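Just below is one structure, and these are the notes that go with it.
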2 protein chains.
Amino acid sequence: MSLRHALLGLLSERPASGYDLLKRFETSLANVWPATQSQMYTELSKLSADGLITVSAEGPRGRKEYTLTDEGLTELRHWLTETRPQRNTRSDLLLRVFFLDVLPPEHARGYLAWLADMSQREYEDLRRLEESIDWGDDPLSVNGRIALEYGLRLNAMRREWAEWAADRIG
Amino acid sequence: MSLRHALLGLLSERPASGYDLLKRFETSLANVWPATQSQMYTELSKLSADGLITVSAEGPRGRKEYTLTDEGLTELRHWLTETRPQRNTRSDLLLRVFFLDVLPPEHARGYLAWLADMSQREYEDLRRLEESIDWGDDPLSVNGRIALEYGLRLNAMRREWAEWAADRIG
DNA sequence: CATTGACATGTCAGTTCTGGAACGTCTAAC
DNA sequence: GTTAGACGTTCCAGAACTGACATGTCAATG
């Protein structure tokens with residue numbers, strides 16, 4: 001149900017079309033809330049029907065530019081302040097750990113080593129991303145930087161943990 | 001699609017009924033892969049229809065005990081070795097961070113402070129859980145301990161990050 | 001013997017999500 | 001001119017998931 005709020009959030013910065021939002025998603029929110037194209041267009045229609053956003057302009061190729069309404073902004077604020085994240089996140093990654101013993105130890109260690117590598121690679125990708133961005137003082141920069149820092153710390157922690165875990169097996 | 005594998009994994013330890021699995025889930029896997037009762041019974045039926053598990057005994061009150069078949073074990077091993085976790089996990093928590101600037105700074109800091117507290121509480125809960133369990137040398141203890149350690153490290157990291165982030169705002 | 005609570009399964013309507021297919025338009029480059 | 005590629009939207013079948021409701025049995029307690 002939070003794709004809704006992700007879209008409201010993006011539109012709170014500036015008006016955009018579904019296509020624009022799709023692009024913005026790819027380069028930012030996709031990491032924390034993956035969504036497909038069909039899901040986004042569907043959700044935009046619903047948001048529009050619910051009056052949280054409105055078609056503020058139509059461009060070439062049937063382009064529809066959506067703008068956040070006051071009601072939409074209220075809903076976004078409400079979501080941020082009155083509701084708390086609750087859904088336990090699913091982790092395919094950790095689920096596997098529970099059943100590692102059905103594999104021979106060297107395979108299990110192999111999985112953990114792969115995890116460590118993957119975390120390291122993601123860490124480096126994020127570092128490069130961090131360096132490639134011209135961080136300003138604007139709100140989006142501050143928030144984006146904070147979210148990115150979370151990713152950095154997560155991947156660092158994950159790598160260390162995977163290495164620690166590999167040692168415990170066998 | 002991984003509830004399937006969670007169930008296969010649990011059944012690889014020993015045969016169990018849907019009800020048994022439900023209980024086992026609550027106390028272990030629920031943290032990494034939440035699932036409802038209806039989902040589990042539905043999935044058990046499908047697994048049985050697909051020949052990955054089989055009804056090995058029927059008990060009182062319509063109890064059906066399921067046992068992993070060879071085919072099921074093969075599928076479990078295949079999942080563990082041949083496939084890689086890919087789905088980016090959704091994080092309601094991080095999603096909010098992106099839009100924190102629509103709130104006044106003190107509210108934003110309040111959210112991060114709440115996050116830090118929550119992480120601290122979860123950390124302590126896990127510590128208590130860790131101490132309450134009699135960890136043996138069996139495979140499940142080893143794996144469970146490893147998964148728990150992940151939770152500990154994650155919450156520790158999250159708390160530090162939230163405190164760091166609160167400092168950056170305003 | 002009545003009741004409570006754990007045991008035990010099944011079904012269903014409604015929603016969300018996935019992974020595509022389909023369709024059409026504009027622009028720049030060749 | 002035409003064609004490739006970016007732009008742009010809509011629809012859909014099927015799977016997964018949620019949050020109930022429905023139904024009944026067995027064992028122990030009072």
Side-chain angles (χ1 to χ4, degrees), chain A residues 1-8 10-11 15-27 29-30 32-50 53-67 79 83 85-92 95, chain B residues 1-8 10-11 15-27 29-30 32-50 52-66 79 83 85-92 95:
Chain A
M1 196 52 184
S2 274
L3 173 58
R4 202 178 182 79
H5 300 110
L7 293 174
L8 290 176
L10 284 177
L11 287 172
S17 69
Y19 193 83
D20 291 341
L21 292 168
L22 211 55
K23 295 288 152 171
R24 306 258 297 283
F25 236 77
E26 275 170 17
T27 55
L29 294 182
V32 305
W33 203 273
T36 60
Q37 173 251 41
S38 52
Q39 219 183 322
M40 288 186 48
Y41 279 111
T42 304
E43 196 60 44
L44 284 171
S45 297
K46 283 194 207 164
L47 282 166
S48 184
D50 293 349
I53 63 178
T54 186
V55 177
S56 52
E58 307 212 13
R61 281 163 287 194
R63 181 180 207 272
K64 289 189 218 162
E65 192 181 67
Y66 291 102
T67 298
W79 171 70
T83 68
Q86 85 291 41
R87 219 227 272 211
N88 301 348
T89 44
R90 298 197 165 140
S91 173
D92 199 346
L95 183 57
Chain B
M1 197 50 184
S2 273
L3 173 57
R4 203 178 182 76
H5 300 109
L7 292 173
L8 291 176
L10 285 177
L11 287 172
S17 69
Y19 193 82
D20 292 341
L21 293 168
L22 211 53
K23 296 289 151 166
R24 306 258 297 283
F25 236 77
E26 276 170 17
T27 56
L29 294 183
V32 304
W33 203 273
T36 60
Q37 176 251 37
S38 53
Q39 218 184 325
M40 286 186 51
Y41 279 111
T42 304
E43 194 61 43
L44 284 171
S45 296
K46 282 196 209 163
L47 282 166
S48 184
D50 293 349
L52 302 183
I53 62 177
T54 184
V55 178
S56 51
E58 307 212 12
R61 282 163 285 194
R63 181 180 205 271
K64 288 189 221 164
E65 192 181 70
Y66 291 103
W79 172 69
T83 68
Q86 84 291 40
R87 217 228 273 209
N88 302 349
T89 45
R90 296 193 169 145
S91 174
D92 198 345
L95 182 57

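Chain naming here is simple, since letters A, B, ... match the order of the sequence lines and numbering starts at 1 in each. Here the structure is a predicted model, which means the values were calculated and not measured.
The side-chain heavy atoms of Arg63(A) and Asp20(A), taken from C-beta on, include a pair separated by under 4.5 Å. Looking only at side-chain heavy atoms (C-beta outward), Asp50(B) and Arg4(B) come within less than 4.5 Å of each other. Contact of the Ser45(A) side chain with the Thr42(A) side chain is not registered, since no non-hydrogen atoms from C-beta on lie closer than 4.5 Å. Side-chain contact between Leu21(B) and Leu44(B): present, with at least one pair of heavy atoms (C-beta onward) separated by less than 4.5 Å.
Spacing between atom CZ of Arg61(B) and atom C1' of dA6(C) amounts to 7 Å, rounded to whole angstrom units. The separation between Glu58(B) atom CD and dG24(D) atom P is 19 Å, rounded to whole Å. The CG atom of Leu3(A) sits 16 Å away from the P atom of dT15(C) (whole-angstrom rounding). Separating the CG atom of Leu7(B) from the P atom of dA16(D) is a distance of 13 Å, rounded to the nearest angstrom. One can place CZ of Arg24(B) at 16 Å from C1' of dC7(C), the figure rounded to the nearest angstrom. As a whole-Å value, the separation of Lys23(A) NZ from dG5(D) P is 14 Å. Distance, Tyr19(B) OH to dC7(C) C1': 5 Å, rounded to whole Å. One atom, CD of Glu65(A), and another, P of dC7(D), lie 16 Å apart when rounded to the nearest Å.
Interface remark: the Gln37(B) side chain does form a donor-acceptor pair with the dG10(C) base, using a distance-only criterion of under 3.5 Å. Judged by atom type and distance alone, Ser38(A) reaches the base of dG19(C) through a side-chain donor-acceptor pair under 3.5 Å.
Contact between Leu95(B) and Ser2(A) at its shortest, heavy atoms only, is CD2-O, 3.7 Å. Tyr66(B) and Leu11(B) get closest at one heavy-atom pair: O-CD2, 3.5 Å. Summarising the geometry of Pro34(A) relative to Arg90(B), their closest heavy-atom pair is O-NH2, 2.8 Å, with the distance given to 0.1 Å.
Checking the phosphate oxygens (OP1, OP2) of dC17(C), a side-chain nitrogen or oxygen of Arg90(B) falls inside 4.0 Å.
Mapped onto DNA chain C by nearest heavy atom, Ala35(A) and Arg63(B) fall at different nucleotides, with Arg63(B) at the one closer to the 5' end.
Side chain of Lys64(A), nearest nucleotide from dG24(C), dC17(D), dT9(D): dT9(D).
Contacts of residues 39-48 of chain A with DNA chain C (heavy atom under 4.0 Å): Gln39(A), Lys46(A).
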